[in-house]
Every structure is written in C-alpha cells, then in structure tokens.
Amino acid sequence: MGPGLRVLRRRRDHGLVKDFHDRLHRKVREQAGREPEPSAGVIDSQSVKADAVVGADSRDFDGGKLINGRTRHAVVDTLGLLLGVMVTAADIGDRAAAQVLLAQVAAARHRLALVWADGDYTGSLVERCRAVLALVLAIVRRSDDMRGFVVLPKRWIVERFFVHLMRSRRLARDFERSTGSAEAMVHWSMNLLMTRRLARRLPSRA
C-alpha cells in the first residue's frame, strides 16, 4: 500500500474525511445564502459495476439494472450537495437501505424535515419516516401519460449529483475493497466539487 493510500485510510478511519466534507458543506451553503443546515433533501440510488478486487461479501447482482456490483444510496440537499451516503451490495433494495440511511441523516441533520423520493421508496417506509424520524418522505411520481424522458420535479437534483460522481474517474466503477472506502471516495469527490465552487466565488485581487 502506498503512502497516499495509508493517509486516506487513516483519515477515513478517524472520520476526518467526513468531517472535512461537512465543514465545506456548511461553507458552500452559507456562500449561496442558505442556512448552514438544510431542511429538505432528495434520496436516490445508483448501481455501478464492481472491480475484481471487490469481494463477494459486498457485491451482488442488481436484476433491475442488470449490474453486478454495488449500489450507492445517497441523500443530497436542494443544492445537490451530499448529506449522507451508504454503499451496499447491488441486490440490497432501495427501501431497506433508505431505512438505515435516512435514520443516519436525520440524526445528523436536525433541521431536515422533507425528503423527495421516487416510486421505489413507497410503502411502509413513508409511514416509518413520519412516525419514527419526524420526516416527510414525499414521493414524486411519474404520471401514466408521460412518454419518453421527462425531468421530474426535484428528481433532477440527485440525478445531477450522480452525473458528477461518474465524472470522477475513481468512481466510474467501484474499485474499493471495503464499502467504507467506497463511501470515503464519494465524500472526496464532493470535496473537490465544493472547493472548486468556493474558489470560483472568492473575490478577485486588484
């Protein structure tokens, strides 16, 4: 293992990657004129192929998307910035993963009151969010008369987030042995995005 990977592992294991991410997140929101902590978000998932180094204990087959690998479950705010991520084997259902992820996000983001989701998150999860997490899970449905590609309200925000991840070469597929490392790489990708946003808006020197 090279020195760079050893440093990343130490930062991951001590929670420094996420801590740095959360500090940047607050700064970007404040710079955009928003409250440091969001009150609304969007949840979705993305299945990606896994490299050969990913063991059978954390990878599987997503029958719906025909992908052998892992799934990234993510909650983002209305600026498209990450609030929480969980990486699982690709056969783990969206609702099962969301039950855990939304509990984690709600515990860390105390102002969060509303999360938009697509039809894969219906059922008992909606009631559980309301009763246990004091969180409104609003389902954005595609109407029966829609044909072809249609941009649904709020759903484009999380889709743009996944597009950003796929532009990060390390995240085009999952190369990490552990799901913890895979989650850390998502945070690092967002760190790069947020530092660029902050740098673009710094006042120019005379």
Side-chain angles (χ1 to χ4, degrees), residues 4 7-46 48 71-87 97-98 100-118 129 133-138 140 151-172 174 176 179-206:
V7 170
L8 178 60
R9 176 172 287 184
R10 286 198 300 271
R11 290 177 177 175
R12 178 203 67 192
D13 293 344
H14 289 86
L16 298 180
V17 174
K18 186 177 183 303
D19 181 66
F20 182 50
H21 169 274
D22 291 348
R23 289 172 184 267
L24 284 174
H25 180 254
R26 287 191 290 271
K27 287 184 177 296
V28 173
R29 286 187 58 85
E30 288 171 347
Q31 191 179 72
R34 305 294 185 90
E35 292 290 332
E37 288 296 330
S39 59
V42 191
I43 188 172
D44 203 358
S45 66
Q46 175 194 49
V48 293
T71 298
R72 299 164 183 155
H73 307 270
V75 181
V76 302
D77 65 13
T78 54
L79 295 178
L81 303 177
L82 183 66
L83 298 181
V85 61
M86 184 171 68
V87 175
V100 177
L101 179 58
L102 287 173
Q104 294 173 352
V105 173
R109 311 284 182 174
H110 299 297
R111 291 191 70 247
L112 193 67
L114 170 66
V115 174
W116 287 282
D118 66 20
C129 286
L133 305 178
L135 190 66
V136 175
L137 188 62
V140 180
V151 178
L152 298 177
K154 305 300 181 183
R155 298 280 303 115
W156 64 269
I157 298 173
V158 69
E159 296 295 342
R160 183 182 61 183
F161 164 79
F162 287 131
V163 168
H164 170 75
L165 294 189
M166 297 304 285
R167 288 176 178 168
S168 300
R169 184 178 300 178
R170 187 66 177 259
L171 296 173
D174 199 319
E176 312 307 319
T179 55
S181 291
E183 292 164 3
M185 292 307 301
V186 172
H187 281 105
W188 273 120
S189 178
M190 292 305 295
N191 288 347
L192 292 174
L193 174 69
M194 291 188 291
T195 52
R196 285 197 295 267
R197 286 191 184 182
L198 289 170
R200 282 199 303 266
R201 298 186 182 182
L202 287 175
S204 58
R205 295 181 179 179

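- Contact of the Val42 side chain with the Val140 side chain is not registered, since no non-hydrogen atoms from C-beta on lie closer than 4.5 Å.
- Salt-bridge annotation for Glu37 and Arg29: absent, with no side-chain N of the basic residue lying under 4.0 Å from a carboxylate O of the acidic one.
- Comment: Asp22 engages Arg109 in a salt bridge, judged by a side-chain N to carboxylate O separation of less than 4.0 angstrom.
- Closest heavy-atom contact between Ala117 and Ile43: CB-CG2, 3.5 Å.
- When all heavy atoms of Ala74 and Leu82 are compared, the closest pair comes out as CB-CD1, 4.1 Å.
- Of all non-hydrogen atoms in Pro38 and Leu83, the two that sit nearest each other are CG-CD2, 3.6 Å.
- At least one donor-acceptor pair closer than 3.5 Å links the side chain of Glu183 to the backbone N or O of Val87.
- Interatomic distance, Ser189 OG to Met194 CE, rounded to the nearest 0.5 Å: 9.5 Å.
- Atom CZ of Arg111 sits in a crowded spot, with more than 12 heavy atoms from other residues, nucleotides or ligands closer than 6.0 Å.
- With salt bridges taken as basic N to acidic carboxylate O contacts below 4.0 Å, one links Arg155 and Glu159.
- The minimum heavy-atom distance between Met190 and Gly80, with the atom names listed, is CE-O, 3.8 Å.
- Proximity of Leu193 to Phe161: side-chain heavy atoms (C-beta onward) are nowhere separated by under 4.5 Å.
- Classification of the His187-His21 ring pair by plane angle, with boundaries at 30° and 60°, yields perpendicular.
- Annotation for Arg160: atom CZ counts as buried by contact number, over 12 foreign heavy atoms lying within 6.0 Å.
- Counting heavy atoms from C-beta outward, Asp77 and His25 have side chains that approach closer than 4.5 Å.
- Taking each heavy atom of Leu171 and Arg72 in turn, the nearest pair found is O-NH2, 2.9 Å.
- Taken from CD in Gln104 to CG in Leu101, the straight-line distance is 6.0 Å, to the nearest 0.5 Å.
- Between the CG atom in Leu79 and the CG atom in Leu81 there is a gap of 5.0 Å [rounded to 0.5 Å].
- Checking side-chain atoms of Thr195 against main-chain N and O of Asn191 turns up a donor-acceptor pair under 3.5 Å.
- The minimum heavy-atom distance linking Val105 with Gly84 is given by the pair CG2-CA, 3.9 Å.
- Taking CG of Asp44 as the start and CD1 of Ile157 as the end, the distance is 12.0 Å to the nearest 0.5 Å.
- Residues Cys129 and Leu102 have side chains in contact (heavy-atom distance under 4.5 Å, counting atoms from C-beta outward).
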